[in-house]
Participant: 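Quick one: the structure is below, and I'll ask about it shortly.
Every chain is numbered from 1 and lettered A, B, ... according to where its sequence line falls, protein lines coming before strand lines.
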There are 4 protein chains.
Amino acid sequence: MSAALHGLLFEDPEVSRWFEPAAHVQFMLDVEAALADAEADAGLISPEHATSIREAARAERYSCEAIAAQAASAGNAVIPLVRELTAHVEEKSKDAAGDVHRGATSQDIIDTALVLQLKHAVPVVQSTLDRAAAAAAALARRHAETPMLGRTWLQQASPITFGIKAAGWMDATERARMRIAVALSRALVVQFGGATGTLASLGTHASAVSAALGKRLELDVPPLAWHTQRDRLVELACALGVACGTLGKIARDVALLAQGEVREASEAPVQGRGGSSSMPQKQNPVASAVAIAAAIRAPGLVSTMLSAMPQEHERGLGGWHAEWDVLPELVKITGGAARAMAHALESLVVNVDRMRENLEAANGLPFAEIVASALTERMGRAPAHARVENAARVSTREGRAFLDVLASDPDIVAHIDREKLDALVSPDRQAGTARALVHHVLAHWNRG
Amino acid sequence: MSAALHGLLFEDPEVSRWFEPAAHVQFMLDVEAALADAEADAGLISPEHATSIREAARAERYSCEAIAAQAASAGNAVIPLVRELTAHVEEKSKDAAGDVHRGATSQDIIDTALVLQLKHAVPVVQSTLDRAAAAAAALARRHAETPMLGRTWLQQASPITFGIKAAGWMDATERARMRIAVALSRALVVQFGGATGTLASLGTHASAVSAALGKRLELDVPPLAWHTQRDRLVELACALGVACGTLGKIARDVALLAQGEVREASEAPVQGRGGSSSMPQKQNPVASAVAIAAAIRAPGLVSTMLSAMPQEHERGLGGWHAEWDVLPELVKITGGAARAMAHALESLVVNVDRMRENLEAANGLPFAEIVASALTERMGRAPAHARVENAARVSTREGRAFLDVLASDPDIVAHIDREKLDALVSPDRQAGTARALVHHVLAHWNRG
Amino acid sequence: MSAALHGLLFEDPEVSRWFEPAAHVQFMLDVEAALADAEADAGLISPEHATSIREAARAERYSCEAIAAQAASAGNAVIPLVRELTAHVEEKSKDAAGDVHRGATSQDIIDTALVLQLKHAVPVVQSTLDRAAAAAAALARRHAETPMLGRTWLQQASPITFGIKAAGWMDATERARMRIAVALSRALVVQFGGATGTLASLGTHASAVSAALGKRLELDVPPLAWHTQRDRLVELACALGVACGTLGKIARDVALLAQGEVREASEAPVQGRGGSSSMPQKQNPVASAVAIAAAIRAPGLVSTMLSAMPQEHERGLGGWHAEWDVLPELVKITGGAARAMAHALESLVVNVDRMRENLEAANGLPFAEIVASALTERMGRAPAHARVENAARVSTREGRAFLDVLASDPDIVAHIDREKLDALVSPDRQAGTARALVHHVLAHWNRG
Amino acid sequence: MSAALHGLLFEDPEVSRWFEPAAHVQFMLDVEAALADAEADAGLISPEHATSIREAARAERYSCEAIAAQAASAGNAVIPLVRELTAHVEEKSKDAAGDVHRGATSQDIIDTALVLQLKHAVPVVQSTLDRAAAAAAALARRHAETPMLGRTWLQQASPITFGIKAAGWMDATERARMRIAVALSRALVVQFGGATGTLASLGTHASAVSAALGKRLELDVPPLAWHTQRDRLVELACALGVACGTLGKIARDVALLAQGEVREASEAPVQGRGGSSSMPQKQNPVASAVAIAAAIRAPGLVSTMLSAMPQEHERGLGGWHAEWDVLPELVKITGGAARAMAHALESLVVNVDRMRENLEAANGLPFAEIVASALTERMGRAPAHARVENAARVSTREGRAFLDVLASDPDIVAHIDREKLDALVSPDRQAGTARALVHHVLAHWNRG
């Protein structure tokens, strides 16, 4: 089971499972097996030895508990793992055992296994982001012309349509997904340098073994080992962090729209989800909580990856170790946040009537910008702005409809008569341009 | 087992065990049981009901896996736990079941359980810091007069004694321990407010139940629930973060002293610890790696706790959830770093001869400050500084002993003759004042 | 002027002015002057020399631009400053010039000057927090019995009073202030160790000079120099960071209450403040923006202070330098956030009617907890919770008053008749206990 | 002058000048002018009005102090700036004044001005990184075959060449530069959406004005305004943060190599740079301090940008404001770190003799891996590793040459005779493969 009681709440099991101890051990064994195969490919060791090693490299033959216990004193898990692997191989062939871990250092195995974990886990996050983007795109299409209040500084502002808001969610989610894809592709590189990155112990076989190892693991082979140049991993961490920020922004919007006084959209009620142990009426926005929590946690994890970068000389002290839990954790919470918001957007309850009601309840004030703009063309910027600002004050103070206040100012009516004013402040006035805008955004991503 | 293969490397099991799922469940049940008892104490429910609840509140009767699975959809672990607890109580007494979780909200249970976890785990960290401080104090006493190079900006500088360096470690470790003790004492408060912090559903019993709950759990009762005022926990997080920084500073010093070119101190070799899977000659400073990694990770965890603080209204969305994994993780890595450095300092291999050799190999240059200071009294600051700087350049460039270069400058010898110069640059010149200084520091903490 | 166009928006000039270049130079000169005086006190140098140095130590005689330009190549500002100071002293007395900066290293001056900056700036922050706490206390007193919706997970929840909310703000602000006071008192220590912390060049005068320096500057004298033990400063940084978090929490509450759909409280409108360049009707919550921005920025600044802690050996490389801009920035934004929220709370517009309207508009649902609790006593927890949950669903779905739905359930009415139900759900039901709670909190801080 | 006495130390004036108040004001005016021109291009306003606006948009006509003072109450600098600009335009043409800031909101101006600042400042950082990479490439070429100790976990390890180390620096610096270039290109987008991102007040002219504005400012026009979708800026912040990490890694390597006990490389001495106010012999690695400080500070700044991402609805509260100082600060310190390390690498003093001496002083132990590897082929992995480990222990304990110890073990000599052993442990053994490796890396970037 997960390490924490709430692991399943904050994570996506399809992502997190690649980081569980048994999977971790298997990935490290996969690297050892691929290394032996690659060395056979390069003619350094015999194919039979490679076969023996590959056959011994099955995680079910190893005790995670025992490896963890020994890792605590050895300093990492590869040292006991190689010892065990060697023993298993030796049972079959003493000679083959001599070819275990040939030319590699522990960090080669740990880093390459991490890369394999990322190769399996991160695409799941990408797919989930794709689901979230698709759901946002569907909302954008469906509600391209649905008028609602825009809100700035947490205050009611000029009207928008819900489609524009959802298009913004989609657009940013797509960028987040694309950014992760690029960063992942750059991070999918073999780590193989031996003790100090020179592969000296492999002599002239070094580059052939490297190339074969890359081919075997379907990973790129970088020009140099990157034992203390961690930027590729950090770039991926950054992309994940940005994705959490984007998901957190969507979640915050959803949660704010779901407030009892707003009620314009909310996470779909699910039996047994989001209840309260004290308040029977509650329907808590659990998905938003998950995504906002991830957006709060990701910056600290990214900053740790950045802080760990100045690693000393050929292999570092402490900086490398700081990464071990942090990057997996970041992948996991990004996966959990993506899953939560994909589901929330796919099943979002949109209250179109309430959007219109809230807009109408604002008494016309959200149209102050458009009125001021129209007046500016006739009477100049400063007077127009001042006059509209004054009308807004009167409207708020006296609770009168903004339009009525405007229409009672002869200087205003002299420029824009009541009929034109009515047209300016219609909630549906923007429908056409809003649809065009939404379609433009969707088309940009082929989501149209 | 731990969630990660290297959990035992980075953590102290005596600290971490309080955060394991089963312990976590037990603490939450302890809070439910204490609440029932407190409500009986306050005359709100019958003592028999409280007894039934207490008897059902044993973690071994609950499946962590099942609770975790339900927590994922419910939004937290208390909802399924209370459901299970109610069912268990009901088996004995249907009436008693009605008194389960009376007046509480999920967050009351989760937060108070966390406080109990901290109450058990953090004092272990404090004791380990005490061990580390004691070990540093012993080094300070033993080496109060052991001369060695001081180093600033990673350059050789004026001499110190190893005792002074160790006294600095001790002094800072004691402050770290004290700071944690104070912060913990302030964080040991009951969380009990019901749905929105008013305990409204308990009516006039509210304050009596609160007081009794505090007494039962041996926790303070704050004037208000702190569902969205998280500063006490954050203060503790800060104190833990500062401790990691201090341990990281000591670890970095140890690792730098252990470099092959310096070799003045090193972690004691332990069979099977710190080896390399590629280099048979290696003896890696594993404890330092653990503590430095903690010092790199702690800032991100502390910053997350701070970022989570602006929680909305009466109970927050996402901010609270961001804390769940983060504060326990911080306690765990502080525990691991403290354990690593306590052991490293207790068994530190100090190479007194090498300290003296490195000092002597510096050719007298570390004494430039003391010589310049002595000359300043005679010839004024600027000329003295310039003359000594020049002699240092000549000494470095020509590889001549600094003292010889100084002694060959008639203007210098006119003020300080060779004999006086010799006395100034003796490695043991500071012995007396160093001892006094060390004792002063030790006495400050009663470590003398 | 400030370094940025918006410096006056985010900062409090009464705090920030202590960090301006000219003030900074003066504090460094103050340390040099106090050092000379202390050395005269200790009989190390002549009182006349000290007087000459003190007289030359007036910032208006120095060019900040020139010092800054030379600091860029020298590596710090003290090196050129001491050169200038020496030249100024030399104009009067060549002999006195030899006593400038006696026994000190640059870091002694920079760190002690920083401590003096903190000594002047931080108490201003404390006073402003006190103002904010007083304003919150006044709100708590005035509105102890003013009913309003509680809100959890950004959803409407059981009712509270506004006084309880304000009491929570006050309580946390007082803790923030107290924590800063304690941390500041611990950070007000002289830094004086010379090149490597041993004060070796002062010989037997060392401790007398240290003591006199502390007395002259009214700072404590720690047992050891703290060139690479930065925990006191970091503790202060943490306390400031926690204060920003608390202010951010209050600001978020205020901003959420000020939403157009809620309108229960808002920052007082000020002519020319919070307008919009596009929307004449807007009244933006500028103070909340300032405090929330500080709460978002502080965690990164605190984490930097923590990350900088592992400084090498006797004086560090890079870690120390990382602090230079960061701690002042943190003091400044905390000052700005405190000022913004003190003013916002002092002039907060509270809309008592709207609070009641929103509560009433919730159709009785906020009382679900209290009804469920009352029913639990009669029919047991699970059935009571289920029945009330169901009634809440019906009420929401059909838009009927919650009370009517409840009263239409014969099983409920069998236990609690309509009259009792009415009493349970009265907004003013909690008035007495709320007032007692508020007074309890205020009394705790003598704010009653 | 800079805001702080040490601004010139930590920053590159060629980068920082674009963020000074007067430059900031000019960029905002440039946006207003380009907007007017674009609106003329789109036929919305008359070309004469645009000309009047453009002519009034010269920063020297505005007082930064006055704008800053008014920004503090208005909430941002655009509100007073637009007021002033309108007044200036009005002097010439009352009608033209009506067309100032047409359709825009303050955030449009502030964000687009920021983008223009980035467009000018960030390429300077890129050029400086290019200089650093070129310098590292030159070192790599020159020292491709220069043997030196590799070091892992801060311990001596298998030998490398200095060229390989420098090639690693170059490789990572090039990636850092490339990553910034890509992120910058994506961030160079116009912000133009009006009050809530819909450009509603421009009606059918909206997209034509947007397109013209992009053309005028030579910026891309994104499909949607990004008022609360900040990922492009955060991506750039991440790329800058990663660059700081890479520069910090190089700086740490340089500083470690410059230690008195190592002395293999050091920053070139510059008259008046890196001196000490207390120790005349010191030559502090100032550039490394600058770069390490940046690497410590950048993570906190990046994390703040990430934390600020969840901005509410159409324009956010506090999150946006948190960015204002933070992104410029990050650009500035990256510029400063790049400049410091470019210079340090261009003038790095490399001590080839000392590299060889340190390698030889290691008594042959750095070759343990290569010997173990050779033995493994003959006797199997475990026995070979054990035997070499044992020989290493004996060599260390007894101070005997590792080779002699190996050669005294008949089992070893039976497999590898003394002559072969000698060949294995020659410092120059790797020369050929090292050169090939270095050239491979250089060729990858066309640095060969």
Participant: Applying side chain to side chain contact (heavy atoms under 4.5 Å, CB included), name anything that partners A:Ala239, two or more places apart in sequence or on another chain.
Facilitator: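 With sequence neighbours excluded, A:Ala239 shows a side chain to side chain contact (heavy atoms under 4.5 Å, CB included) to A:Arg179, A:Ile180, A:Ala183, given in chain and number order.
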Participant: With chain D, which of A:Gln107, A:Arg378, A:Arg232 has the greatest number of heavy-atom pairs at distances under 4.5 Å?
Facilitator: A:Arg232
Participant: Could you walk me through whether D:Trp153 and A:Glu312 pass the side chain to side chain contact (heavy atoms under 4.5 Å, CB included) check?
Facilitator: CA-CA 7 Å; D:Trp153 293 63; A:Glu312 299 87 357; over 6 Å; no
Participant: Identify which of A:Ile45, A:Asp95, A:Leu247, A:Thr228 forms the greatest number of heavy-atom pairs closer than 4.5 Å to chain D.
Facilitator: A:Thr228
Participant: Do D:Gln229 and A:Arg175 pass the side chain to side chain contact (heavy atoms under 4.5 Å, CB included) test, and can you show the C-alpha distance, the side-chain angles, and the key distance before you say yes or no?
Facilitator: CA-CA 10 Å; D:Gln229 298 289 4; A:Arg175 282 197 300 276; 4.0 Å; yes
Participant: Heavy atom to heavy atom, less than 4.5 Å: which residues from residues 298-307 of chain A reach chain D?
Facilitator: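 Interface residues of residues 298-307 of chain A: A:Pro299, A:Val302, A:Ser303, A:Leu306, A:Ser307.
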Participant: If you count heavy-atom pairs under 4.5 Å between each of A:Pro222, A:Gly432, A:Ala200 and chain D, which one has the most?
Facilitator: A:Ala200
Participant: Looking at A:Leu317, A:Thr204, A:Leu154, which one has more heavy-atom pairs under 4.5 Å with chain D than the rest?
Facilitator: A:Leu317
Participant: Relative to chain D, which segment of A:Leu233 carries a heavy atom at a distance below 4.5 Å: side chain, backbone, both, or neither?
Facilitator: neither
Participant: Can you tell which part of A:Ala308 gets under 4.5 Å to a heavy atom of chain D, answering side chain, backbone, both or neither?
Facilitator: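 For A:Ala308, neither part sits under 4.5 Å from chain D.
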Participant: When heavy-atom pairs shorter than 4.5 Å are enumerated against chain D, which of A:Ala157, A:Gly168, A:Ala97 gives the highest number?
Facilitator: A:Gly168
Participant: If only atom types and distance count, is the side chain of D:Glu369 paired as donor or acceptor with the main-chain N or O of A:Ser201 below 3.5 Å?
Facilitator: no
Participant: Using a cut-off of under 4.5 Å for heavy-atom pairs, which of A:Val234, A:Asp231, A:Val441, A:Leu224 has the most such pairs with chain D?
Facilitator: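 The answer is A:Asp231.
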Participant: Does any heavy atom of chain D fall under 4.5 Å from the side chain of A:Pro159, the backbone, both, or neither of them?
Facilitator: backbone
Participant: Measuring heavy-atom distances to chain D, does A:His321 have an atom under 4.5 Å in its side chain, in its backbone, in both, or in neither?
Facilitator: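 The side chain, not the backbone.
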Participant: I need the minimum non-hydrogen distance between A:Ser373 and D:Arg102, along with the two atoms involved.
Facilitator: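 In terms of heavy atoms, the two residues are closest at OG-NE, 4.3 Å.
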Participant: Can you tell me which residue among A:Val438, A:Leu437, A:Leu442, A:Asp171 is in a side-chain contact (heavy atoms from CB on, under 4.5 Å) with D:Pro223?
Facilitator: A:Asp171
Participant: Is the shortest heavy-atom distance from the side chain of A:Thr433 to the side chain of D:Thr198 under 4.5 Å?
Facilitator: no
Participant: Considering the options A:Lys249, A:Lys165, A:Arg151, which one meets the side chain to side chain donor-acceptor pair (under 3.5 Å) requirement together with D:His313?
Facilitator: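 The option that passes is A:Lys165.
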